[in-house]
Engineer: 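Take this structure first; my questions come after.
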Amino acid sequence: MPELPEVQTIVNGLEPYILQKEIDRIIEYRQGTINTSCQGIAFGRVSSLDRRGKYIIIKTSKAVTIIIHLGMTGKLIYKKQVKKISDHCRAVIVFTDQSRIFFDDVRTFGKIHIFTHNVTFKALGKMGVEPFSDDFNYVYLSDKLKNRKAPIKNVLMNQSVVAGLGNIYVSEILHRSHVDPRRISGKLNKEEVGEIITQTKIVLREAIAHNGTSVSDFRRIEDKKGEFQNFLRVYQKDYCNCGTAIQRNKMAGRSTYFCPRCQK
DNA sequence: ATTGCTTCCTGAGCGC
DNA sequence: TGCGCTCAGGAAGCAA
C-alpha cells in the first residue's frame with residue numbers, strides 16, 4: 001500500500017530512466033484506468049517528475065501532465081525490453097526507444113489522469129501541506145487539530161491536513177510519539193503535537209532511506225521490494241519493544257496498531 | 001464544517 | 001479440492 005515513502009522511492013527510481021525520454025504512446029489495458037482517451041496525443045519528452053502527497057506527477061515538453069495514483073496495489077515497473085505483458089497490467093507508457101513503464105494494479109484502485117492543457121486537478125488543489133516542508137509545523141497542525149473531535153489517527157490520514165500519510169505510517173508515527181491513536185485530536189497538548197510533527201519527518205525519512213515498506217504489494221521500479229518493513233515497530237506487530245502485547249483495533253474501517261503501555 | 005459510512009476491486013488465507 | 005467468508009485500504013461520494 002503505497003504511501004509517501006513508497007511513492008518517493010518510485011519517483012527517485014524512475015527519474016534517471018525517463019527524464020528527457022520521449023513518450024511515444026500510452027496504452028490503456030483496462031477501461032477506467034485513464035481519465036481520457038490517449039489517441040492522438042502528442043506527449044513530447046519527460047521534462048519533470050515529481051511527487052505531491054501520494055501522487056506521481058509527470059510533465060512533458062508539450063505541456064502534457066500525467067498524474068498517477070497507485071491506489072492500494074498499483075506498481076510502476078520499468079522495463080527496457082518487453083517479453084510479455086505483466087500480470088494485472090492496466091496501462092503502459094511506451095517511450096520511443098521502446099522501453100516501457102508497466103502500470104500493474106491487482107485491485108484497480110489506481111488511476112492515471114492525463115491533462116493536455118493547464119487543467120487544475122481537483123484532488124491536488126485540496127491537498128494539505130507536505131510533511132517535509134517547513135509549512136508542516138506546530139502553528140499549522142495545532143490549528144488543524146483545534147476543536148476537532150475525530151481521533152488523531154483519522155485526522156492524520158486525511159490528505160487535506162497532511163499529504164502522503166496512510167495507515168502504516170500513521171500507526172508508526174503515533175507509536176513513536178507515544179500518543180494513543182484514539183485520542184480526540186483537539187485534546188492533544190502542545191508537546192504531543194510537536195512530537196507528532198518531529199516523528200513524522202523522522203519516520204518518513206527513514207522509510208525513504210530504506211526504499212519504502214513492502215508488506216504486501218509494494219515494489220520498486222525494478223520489481224524489487226523495499227526494506228522498511230524490517231524496521232516497523234507496531235504495524236502488524238505482536239509485541240512492542242517494551243514487551244507489551246500490541247493491541248489491534250478498527251478505526252475508520254482500518255486496522256490500527258498501538259501499544260497500550262507506551263501510547264497514552 | 002465535520003464526521004463517518006459505503007463503495008469500488010481482487011487475491012490470500014482460513015474453516016469446514 | 002473447493003466453497004464461502006473475511007480481510008487488506010486510498011479516496012470519492014454521500015448522508016447526517
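Computed from heavy atoms alone, side chains included, the values below leave out hydrogens, waters and symmetry copies. Chain letters run A, B, ... following the sequence lines, proteins first, then strands; residues in each count from 1.
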Engineer: Quick one: A:R107 CZ to C:dG10 C1', roughly how many Å, whole number?
Structural biologist: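 To the nearest whole Å, that distance equals 11 Å.
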Engineer: Do A:E22 and A:F95 make a side-chain contact, defined as non-hydrogen atoms from C-beta onward lying under 4.5 Å apart?
Structural biologist: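 The answer is no; the side chains never approach within 4.5 Å.
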Engineer: Expressed in angstrom and rounded to an integer, what is the separation of A:K75 atom NZ from B:dG11 atom C1'?
Structural biologist: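 The answer, rounded to whole Å, is 12 Å.
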Engineer: Whole angstroms only, please: what is the CZ-C1' distance between A:F218 and C:dG10?
Structural biologist: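 So the CZ-C1' distance, A:F218 to C:dG10, works out to 16 Å.
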Engineer: Measure CG/A:L145 against P/B:dT2 and give the value in whole Å, please.
Structural biologist: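 So the two atoms are 12 Å apart, to the nearest Å.
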Engineer: Taking 4.0 Å as the cut-off, does a side-chain nitrogen or oxygen of A:H69 come that near to OP1 or OP2 on C:dG10?
Structural biologist: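 The answer is no; no side-chain N or O of A:H69 sits under 4.0 Å from OP1 or OP2.
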Engineer: Under 6.0 Å from the CD atom of A:Q31, do we count more than 12 heavy atoms belonging to anything else shown?
Structural biologist: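 For A:Q31, atom CD is not crowded (no more than 12 foreign heavy atoms under 6.0 Å).
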Engineer: Of all the choices, B:dC9, C:dG10, C:dA11, which nucleotide is nearest to the side chain of A:T108 once you look at every atom?
Structural biologist: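 Nearest to the side-chain atoms of A:T108, counting from C-beta on, is B:dC9.
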Engineer: Figure out the CD/C1' separation between A:E3 and C:dA11, and round it to whole Å.
Structural biologist: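 In whole Å, C:dA11 C1' lies 13 Å from A:E3 CD.
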Engineer: Choose from B:dC9, C:dG10, C:dA12 the nucleotide whose nearest atom is closest to any side-chain atom of A:N167.
Structural biologist: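 Output: C:dG10.
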Engineer: Just call it for A:Y235: base, sugar-phosphate, or nothing, with non-hydrogen atoms closer than 4.0 Å on any strand.
Structural biologist: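 The residue A:Y235 makes sugar-phosphate contact but no base contact.
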Engineer: Are OP1 or OP2 of B:dT3 and a side-chain N or O of A:R148 less than 4.0 angstrom apart?
Structural biologist: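 It does, given that an N or O in the side chain of A:R148 lies less than 4.0 Å from OP1 or OP2 of B:dT3.
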Engineer: Would you mind telling me which of C:dC7, B:dG4, C:dG10 lies closest to the side-chain atoms of A:M157?
Structural biologist: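 Looking only at heavy atoms from C-beta outward on A:M157, the closest nucleotide is C:dG10.
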Engineer: A:H88 or A:A150: which one's nearest nucleotide on DNA chain B is closer to the 5' end?
Structural biologist: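 Result of the comparison: A:A150.
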Engineer: Can a side chain N or O of A:S255 be found less than 4.0 Å away from OP1 or OP2 on C:dC7?
Structural biologist: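 Checking A:S255 against C:dC7: no side-chain N or O falls below 4.0 Å of OP1 or OP2.
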Engineer: Starting at atom NZ of A:K153, determine the distance to atom C1' of B:dG4, rounded to an integer number of angstrom.
Structural biologist: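 Rounding to the nearest Å, NZ of A:K153 and C1' of B:dG4 are 14 Å apart.
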Engineer: Answer yes or no: side-chain N or O of A:R254 and base N or O of C:dA8 forming a donor-acceptor pair under 3.5 Å.
Structural biologist: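 Side chain to base: no pair below 3.5 Å.
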Engineer: Please say whether the positively charged group of A:K201, taken as NZ for Lys or CZ for Arg, lies over the ring of A:F132, i.e. under 6.0 angstrom from the six-membered ring centre and within 45 degrees of the axis.
Structural biologist: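 The answer is no, since A:K201 fails at least one limit relative to A:F132.
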Engineer: Counting the atoms with a prime plus P, OP1 and OP2 as sugar-phosphate, which does A:A252 contact under 4.0 Å by heavy atoms, base, sugar-phosphate, or nothing?
Structural biologist: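 Contact class for A:A252: none.
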Engineer: Between B:dG11, C:dA8, C:dA12, spot the one nearest the side chain of A:M72, thanks.
Structural biologist: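 From the listed options, C:dA8 comes nearest.
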Engineer: For B:dA1 and A:K144 - does any side-chain N or O of the residue sit under 4.0 Å from the phosphate oxygens OP1/OP2?
Structural biologist: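 For B:dA1, neither OP1 nor OP2 has a side-chain N or O of A:K144 closer than 4.0 Å.
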Engineer: Check every atom of C:dA8, C:dA12, B:dG4 against the side chain of A:K250 and return the nucleotide holding the closest atom.
Structural biologist: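 Comparing C:dA8, C:dA12, B:dG4 against the side chain of A:K250, the answer is C:dA8.
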Engineer: Does a side-chain N or O of A:K54 approach OP1 or OP2 of C:dA11 to a distance below 4.0 Å, or not?
Structural biologist: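 For A:K54, the contact criterion (side-chain N or O under 4.0 Å from OP1 or OP2 of C:dA11) is met.
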Engineer: B:dG13 C1' sits how many Å from A:Q236 CD, rounded?
Structural biologist: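 From A:Q236 CD to B:dG13 C1': 13 Å.
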Engineer: In the structure I gave you, are the side-chain heavy atoms of A:T213 and A:Y235 within less than 4.5 Å of one another anywhere?
Structural biologist: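 Of all side-chain heavy-atom pairs linking A:Y235 with A:T213, none is under 4.5 Å.
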Engineer: Answer yes if the ring centres of A:Y78 and A:F102 are under 6.0 angstrom apart, and no otherwise.
Structural biologist: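 A:Y78 vs A:F102: aromatic centres not under 6.0 Å.
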Engineer: Roughly what angle, to 10°, lies between the helix axis at the start of the helix from B:dT2-C:dA16 to B:dC16-C:dG2 and the one at its end, five pairs per end?
Structural biologist: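 Nearest ten degrees gives 50° for this helix.
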Engineer: Exactly one of A:K187, A:R183, A:K264 should register a salt bridge (charged side-chain N to carboxylate O under 4.0 Å, His left out) with A:E192. Which one does?
Structural biologist: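 That would be A:R183; it is the only one of A:K187, A:R183, A:K264 passing the salt bridge (charged side-chain N to carboxylate O under 4.0 Å, His left out) with A:E192.
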Engineer: Can you measure A:M251 atom CE to C:dC7 atom P for me and round it to whole angstrom units?
Structural biologist: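 Those two atoms, CE and P, are 17 Å apart.
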Engineer: Using the side-chain contact (heavy atoms from CB on, under 4.5 Å) definition, which of the options A:I101, A:L76, A:I27 pairs with A:I93?
Structural biologist: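 Result: among A:I101, A:L76, A:I27, A:I101 is the only option passing the side-chain contact (heavy atoms from CB on, under 4.5 Å) with A:I93.
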Engineer: Do A:H175 and A:F258 have ring centroids that are under 6.0 Å from one another?
Structural biologist: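 So the answer is no for these two rings.
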